[in-house]
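All of these numbers come straight from a predicted model, not from anything done at the bench. In what follows, chains carry the letters A, B, and so on, assigned in the order in which the sequence lines appear, proteins first and then strands, with residues in each chain numbered from 1.
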Number of protein chains: 2
Amino acid sequence: MKNYELVLHRVEADLAAGRLRIGGRLPGERALAEELKISRPSVREAVRVLEAMGIVRTATGSGPEAGAVIVAEPVSPLTALLRLHLATNHLPMGDVVQTRILLESWAAREAAGRPLELDAVADLLDRMDAPGLSPEEFHLLDAEFHVALAGLAGNVLIAAVMESLRSAIHGYVLAAVPNLPDWEATAVGLRGEHRAIIAALAKGDGDAASRLVAAHIQGFYQAAQLSS
Amino acid sequence: MKNYELVLHRVEADLAAGRLRIGGRLPGERALAEELKISRPSVREAVRVLEAMGIVRTATGSGPEAGAVIVAEPVSPLTALLRLHLATNHLPMGDVVQTRILLESWAAREAAGRPLELDAVADLLDRMDAPGLSPEEFHLLDAEFHVALAGLAGNVLIAAVMESLRSAIHGYVLAAVPNLPDWEATAVGLRGEHRAIIAALAKGDGDAASRLVAAHIQGFYQAAQLSS
DNA sequence: TCTACCCGTGTGGTCGGACCACAGGCTAAG
DNA sequence: CTTAGCCTGTGGTCCGACCACACGGGTAGA
């Protein structure tokens, strides 16, 4: 067993046993090293891994925000993981798009059966109507909209995976915008589809919302020739 | 920008540009340090992160298997990520189970529409019929069965997520076996459900396969009182 | 007495160098 | 030609040092 794994196991056990909680702090690197009879570089490697997994957030200085603070932020690690594996070309973009369709259409169906607060989502759509938005700005708002939709279903895991998928392919999406024959026309179509989706949700029509979401995503990626 | 992030960005760029491929090797830690004008500890932190993300596998010694070899193994990192976030209690077990149901029932429906090679899966089921299997042995075979099913749909991302979900909760599942009123009776029921699922797949009945898978998973976790 | 400044202290961030264990490949001896 | 043993380069680990940073309390001034 490598030395840095000692730290990982120790932290996982402490989390599971409740000795470490969100908002709490890890012992200092020097203290942890002495406690586990290993060197500070080994501790640091473990802390880096925990940071990369979204378990802690490190900061210099002093005070309650400094040091290694326990958080639980799964989105950025998942995003990084997906981006890297996409870069290896062993994760086909088509599979990612298919997964988005599955998760989001499920989320739409599930959300339709719940009491919803759609004002914030509608506000997002209003902001997407602003004239002169660049593709980049439009897609950032679009991402917010899709993440908010996924969140309405109330499953934190699916919402996190959804957001990570969206973030991981953001760069690829922007790079594919020139593939579209007419960006402005595409944007108009997307805006209309968004309105139709929240209208279906507001009516509680899960089947329609689910179908519209699936067609919305599939349509865009086919138009941008990104499904491969 | 922290120094170890230089290495991460460099590796991601090299992967995306095809300068690094699966099976290839990272430059040695000392060479990378000198090239990027940073210290070896900083490089090591980055390599650890890449290892934790399943991008490289490190080994000592010399020869083609030594050093930091590029792989693309997303399952163990995803598993570790899920396990840690489960340990923080900010990822409800119920959400994990719900996600499994979604992914696996989709996979079953999708697989039913494809030409399938079910011999290996049937062989797994035969091995699960062996008398005297411990709950641990049974669940390992069960995991293999579910992973194989998810693989039949042909989406590597969904298959990887499925396997990671299954692995991450494996410990919790085993710990919950005593909650079952009668393990032997439960095992008999699970075996029958497995047979029914592959029968539906063999007939190409996606609806039935999907429904059976969902009921199969939901039923077990409800019996084991693990859905909370 | 109150206020503003400043420096002490502890945090992570980085570095250079050293030594170890390991495994393959090369070389020299048989 | 075979084989045993050394050489070389890999990651694994450690030490000790110094830096940048930010809070917080102590102190000097109003």
Side-chain angles (χ1 to χ4, degrees), chain A residues 1-11 14-15 20-73 76-77 80, chain B residues 1-11 14 19-73 76-77 80:
Chain A
M1 162 110 51
K2 290 165 185 166
N3 279 352
Y4 83 99
E5 293 179 322
L6 292 175
V7 183
L8 296 183
H9 289 144
R10 149 79 184 263
V11 169
D14 283 355
L15 282 172
L20 285 178
R21 299 161 189 279
I22 310 253
R25 291 172 45 181
L26 243 53
E29 295 177 354
R30 294 160 178 90
L32 219 37
E34 185 173 4
E35 191 174 339
L36 295 173
K37 310 291 184 195
I38 61 181
S39 70
R40 196 179 154 210
S42 295
V43 172
R44 283 184 60 77
E45 290 178 11
V47 173
R48 277 279 182 265
V49 171
L50 290 172
E51 194 178 20
M53 291 205 177
I55 301 298
V56 306
R57 165 177 53 73
T58 63
T60 62
S62 76
E65 291 303 304
V69 181
I70 315 281
V71 296
E73 210 289 276
S76 6
Chain B
M1 165 113 46
K2 290 166 187 166
N3 279 353
Y4 83 100
E5 294 179 321
L6 293 176
V7 183
L8 296 184
H9 289 145
R10 149 80 185 263
V11 169
D14 283 355
R19 289 186 294 271
L20 284 177
R21 299 162 189 277
I22 310 254
R25 291 171 46 180
L26 244 54
E29 295 177 355
R30 294 163 178 88
L32 219 37
E34 186 174 3
E35 191 173 340
L36 295 173
K37 310 293 185 195
I38 61 180
S39 69
R40 195 177 157 215
S42 294
V43 173
R44 284 184 60 75
E45 291 178 11
V47 173
R48 277 279 181 265
V49 171
L50 290 172
E51 194 177 21
M53 292 206 179
I55 301 298
V56 305
R57 166 178 50 74
T58 62
T60 62
S62 77
E65 291 304 303
V69 181
I70 316 282
V71 295
E73 210 287 276
S76 6

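- Atom C1' of nucleotide dG16(C) and atom NZ of Lys37(B) are separated by 15 Å, given to the nearest angstrom.
- Atoms CE (Met1(B)) and P (dA20(D)) sit 20 Å apart, rounded to a whole Å.
- Salt-bridge annotation for Glu51(A) and Arg48(A): present, with a side-chain N of the basic residue lying under 4.0 Å from a carboxylate O of the acidic one.
- Side-chain atoms of Arg40(A) and base atoms of dG16(D) include no donor and acceptor less than 3.5 Å apart.
- Between Thr58(A) and dG13(C) there is a side-chain polar atom (N or O) within less than 4.0 angstrom of OP1 or OP2.
- Note on Arg48(B): only backbone sugar-phosphate atoms sit closer than 4.0 angstrom, heavy atoms only; bases stay farther off.
- Heavy atoms from other residues, nucleotides or ligands lying under 6.0 Å from CZ of Arg21(B) number 12 at most.
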Atom pairs, protein N/O to nucleotides 23-27 of chain C N/O, distance under 3.5 Å:
from: dA23(C); atom 1: N3; to: Ser62(B); atom 2: OG; distance (Å): 3.4
from: dG24(C); atom 1: O4'; to: Ser62(B); atom 2: O; distance (Å): 3.4
from: dG24(C); atom 1: O4'; to: Ser62(B); atom 2: OG; distance (Å): 2.8

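- With respect to the salt-bridge test (charged N to carboxylate O, under 4.0 angstrom), the residues Arg57(B) and Glu73(B) do not qualify.
- One finds no side-chain N or O of Ser42(A) lying less than 4.0 angstrom from the OP1 or OP2 phosphate oxygen of dG12(D).
- With a 6.0 Å radius and a threshold of 12 heavy atoms from other residues, nucleotides or ligands, Glu34(B) has its CD atom at or below the threshold.
- For the pair Glu29(A) and Thr58(A), the minimum side-chain heavy-atom distance is 4.5 Å or more.
- One interatomic measurement links the two molecules: CZ of Arg44(B) to C1' of dC19(C), which rounds to 14 Å at whole-angstrom precision.
- The OH atom of Tyr4(A) sits 11 Å away from the C1' atom of dG12(D) (whole-angstrom rounding).
- Regarding Leu26(B), its CG atom lies at a distance of 12 Å from the P atom of dT10(D), rounded to whole Å.
- When rounded to the nearest whole Å, the span between CD of Glu29(A) and P of dG13(C) equals 6 Å.
- Here dT10(D) presents its P atom at 12 Å from CD of Glu34(B), a figure rounded to the nearest Å.
- At dT11(C), none of the side-chain N or O atoms of Arg30(A) fall inside 4.0 Å of OP1 or OP2 (strictly under the cut-off).
- Using a 4.5 Å heavy-atom threshold, the side chains of Val56(A) and Val11(A) count as separate.
- Comparing atom distances between the Asn3(A) side chain and each of dG12(D), dT13(D), dG13(C) picks out dT13(D) as nearest.
- For the pair Lys2(A) and Glu45(A), the salt-bridge criterion is not met [side-chain N within less than 4.0 Å of a carboxylate O].
- Protein atom CZ of Arg57(A) is 12 Å distant from nucleotide atom P of dG13(C), rounded to whole Å.
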